[in-house]
Protein chains: 2
Amino acid sequence: MSEQRVVLAVSTVIFALRPHPTTGRPTLWLPLVRRIREPYRGQWALPGGPLQPEDDLATSARRTLERTTGLDPHYLEQLYAFGAVDRSACGDGPGSSERVVSVVYWAIIRPDEAARAVDGDNVEWRVADDVVGRPDGDQPEPLAFDHGTVLRYALARLRAKIGYSPIAYAFLTDEFTLAALREVHEAVLQRPLDPANFRRQVLASQAVAPTGRHLTGTSHRPPALYRRVVAIPSADPSRVTAPADPTSPTEPDTEECA
Amino acid sequence: MSEQRVVLAVSTVIFALRPHPTTGRPTLWLPLVRRIREPYRGQWALPGGPLQPEDDLATSARRTLERTTGLDPHYLEQLYAFGAVDRSACGDGPGSSERVVSVVYWAIIRPDEAARAVDGDNVEWRVADDVVGRPDGDQPEPLAFDHGTVLRYALARLRAKIGYSPIAYAFLTDEFTLAALREVHEAVLQRPLDPANFRRQVLASQAVAPTGRHLTGTSHRPPALYRRVVAIPSADPSRVTAPADPTSPTEPDTEECA
DNA sequence: GCAAAAGTGTTTGGATTACACCCATGA
DNA sequence: TCATGGGTGTAATCCAAACACTTTTGC
């Protein structure tokens, strides 16, 4: 085996909600970029690139996103550092390729942000669950590197975190109906939620306040519009405060999958 | 600013339970190593070292731990990748030092494993909350690099995760009383738990089974001994399975702090 | 017997669930 | 008027907390 250098890259999984191509229901989509050099040339991969010495990790993620997809997500969180020694080697390719450790981030963008995205020859938006493959479906075309594993992990994190953190609001614009908020949860969790109970839970959480306005133009009773009144928490470790009050329980953390 | 190279290192926060020096109650301890070179020479730091090209990230963490502290933890999980551009620069030191990105792991070891640990001039075990500093106490001697932030984050992760994952068993040997299991939770959460309710919750979780044996030599009723019958889950993203059954809710993931 | 912790029982209140039912609008 | 979701009410259920009480050992 030849001498290897370890190279650091930063990649990002970006989630957005768009109508499903067949059902029309809100569904998780994400952009992929086509690799234009070896290894895995021609295959689809997560947007990313090498870490520049002058960039922080999250800054690198944002900079690469802007350059490759034109996106600037307002929710961005570190997912995991992937560093298996053989993860950058093609199964049938040369075994002596450079070793790459990737720090992967995941992001959420609103529909209005996603609409501004470029969609050229080398960027393609796909339904997230079609990319990883359904349990009963055919195996999809594999992603470059271990990006299939990365995406599965990002989906698991998103689905876990929406249950205990107000990240669902990152998919929504300033004003929204409670039905729209419920559709975000339903799209992420892939299961219907009881509208009555969902409404009560959200209102009890004190996370939203009515704006007084209503959505018009529907063929039924005009739903009230709400706005978010809590911050979407940052998962940055530097924001970790002093030890919590020992008399109150701690909330779940961000980083992994049970 | 001179040209910088990005170097990748792996460090580990290792937790063990030992009696508190004054109260005698089970308390979180961790080993620190003294830095023998610049930057931060002479200050205490988390055990770690540069990533070797032939090691996976977790392998690197284990190898460095063995070499510096003699420890081989049976629970090891990735915490976070720290990569701020200035994190390896001393506040009053030279500003042109090498840039280091650290992938940090955290680990749990049992008392019998911790007893085998070396405790030389350059390794010192400390009470975890004394290292980060109590809210009302004096500020402790700062750790090297951003390891104070790292440790605070690791403590937050441990305290969050013990609430929804059976990691408490990683602190215990094969046979244990339910009181010992409760003391693990109390030490981590820093608050007393109701023995009656705790017992019921643990038994209802189906995570333990009685061995039939009892602990003797106490000055009261001999408590029954139990053993763990569930696996301590690995947080490795490669273990993420196919999308869960959409009709059942998802459990919290591992990676972050609310 | 007494102290101390093991272990059991009971009550309470809050949160979740399921589902019935009314409301307001466009067509 | 009817269809469609918005929005409210309510009862059943589960779960966590608080705490009284009994049991079993060493001293």
Side-chain angles (χ1 to χ4, degrees), chain A residues 19 23-26 162-166 172 175-187 189 191-227 245-252, chain B residues 19 23-26 160 162-164 168 172 175-187 189 191-227 245-252:
Chain A
T23 69
R25 298 170 53 81
I162 203 173
Y164 62 88
S165 180
L172 297 171
E175 282 197 332
F176 50 85
T177 65
L178 294 188
L181 179 61
R182 177 167 49 83
E183 282 168 351
V184 172
H185 282 83
E186 290 177 336
L189 298 176
R191 99 185 124 96
L193 299 174
D194 185 301
N197 295 329
F198 181 83
R199 146 182 290 274
R200 263 187 294 263
Q201 282 171 14
V202 171
L203 294 180
S205 75
Q206 305 272 2
V208 298
T211 64
R213 281 188 288 276
H214 291 256
L215 185 65
T216 57
T218 62
S219 73
H220 52 80
R221 176 172 172 175
L225 289 167
Y226 292 81
R227 62 184 168 82
D245 178 0
T247 59
S248 67
T250 320
E251 285 133 54
Chain B
T23 69
R25 299 169 52 82
I162 204 173
Y164 62 89
L172 298 171
E175 282 196 333
F176 50 85
T177 65
L178 294 188
L181 179 61
R182 177 168 48 82
E183 282 169 349
V184 172
H185 281 83
E186 290 177 337
L189 298 176
R191 93 185 130 96
L193 299 174
D194 184 300
N197 294 330
F198 181 82
R199 148 182 290 274
R200 262 187 295 264
Q201 283 170 13
V202 171
L203 294 179
S205 75
Q206 305 273 2
V208 298
T211 64
R213 282 188 287 277
H214 292 255
L215 184 65
T216 57
T218 62
S219 72
H220 54 79
R221 177 171 173 176
L225 288 167
Y226 292 81
R227 62 185 170 80
D245 177 1
T247 60
S248 66
T250 319
E251 287 133 52

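Residue numbering restarts at 1 for every chain, and letters A, B, ... go by the order of the sequence lines. Quick caveat: nothing in here was measured; it's all calculated off a predicted structure.
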Nearest of D:dC19, C:dA6, D:dT10 to any side-chain atom of B:A179? C:dA6
side-chain hydrogen bond (donor to acceptor under 3.5 Å, both in side chains) with A:E186: which residues, sequence neighbours excluded? A:R182
Which of C:dG7, D:dT10, C:dA4 is nearest the side chain of B:A224? It is C:dG7
Contact nearer the 5' end of DNA chain D, comparing A:N197 with A:H220: A:H220
Mind checking the CG-OH spacing from A:L203 to A:Y226? Nearest 0.5 Å is all I need. 5.0 Å
Just to be sure I understand the rule, does A:T218 reach a base, reach only the sugar-phosphate, or reach nothing, if contact means heavy atoms closer than 4.0 Å? sugar-phosphate
Can you measure A:L215 atom CG to C:dA24 atom P for me and round it to whole angstrom units? 17 Å
Starting from the 5' end of DNA chain D, give me the residue, A:S219 or A:H214, whose nearest nucleotide shows up first. A:S219
Length of the line joining A:L181:CG and D:dG6:P, which is rounded to integer Å: 12 Å
NE2 of A:H185 to CG of A:L193, rounded to nearest 0.5 Å, is 7.5 Å
Rounded to whole Å, please give me the gap between CG in A:L193 and C1' in C:dC19. 16 Å
Side chain of B:P223, heavy atoms from C-beta onward: which of D:dA17, D:dG6, C:dG7 has the nearest atom to it? C:dG7
Let's test your reading of the model: under 3.5 Å, does the base of D:dA16 pair with the side chain of B:D194 as donor and acceptor? no
Just the rounded figure in Å: distance from P of C:dT16 to CG of A:L203. 13 Å
If you only use heavy atoms from C-beta on, which nucleotide in D:dT10, C:dG7, D:dA18 is closest to the side chain of B:R221? C:dG7
Rounded to the nearest angstrom, tell me the gap between atom CD in B:Q201 and atom P in D:dA17. 6 Å
Rounded to whole Å, CD of B:E186 lies from P of C:dA5 at a distance of 12 Å
Do the side chain of A:T211 and the main chain of A:R227 share a donor and acceptor less than 3.5 angstrom apart? no
Selection from C:dG9, C:dC19, D:dG26 that lies nearest to any side-chain heavy atom of B:A196: C:dG9
Distance, rounded to the nearest Å, where B:R25 contributes CZ and C:dA5 contributes P: 11 Å
For A:R182 and D:dG6, is the shortest distance between a side-chain N/O and OP1 or OP2 below 4.0 Å? yes
Please round to the nearest 0.5 Å and tell me the distance separating atom OG1 of B:T177 and atom CZ of B:R199. 9.5 Å
Donor/acceptor link under 3.5 angstrom from A:R200 side chain onto base of D:dG7: no
Report yes if at least one side-chain N or O of B:R199 is closer than 4.0 Å to OP1 or OP2 of C:dT8; otherwise report no. yes
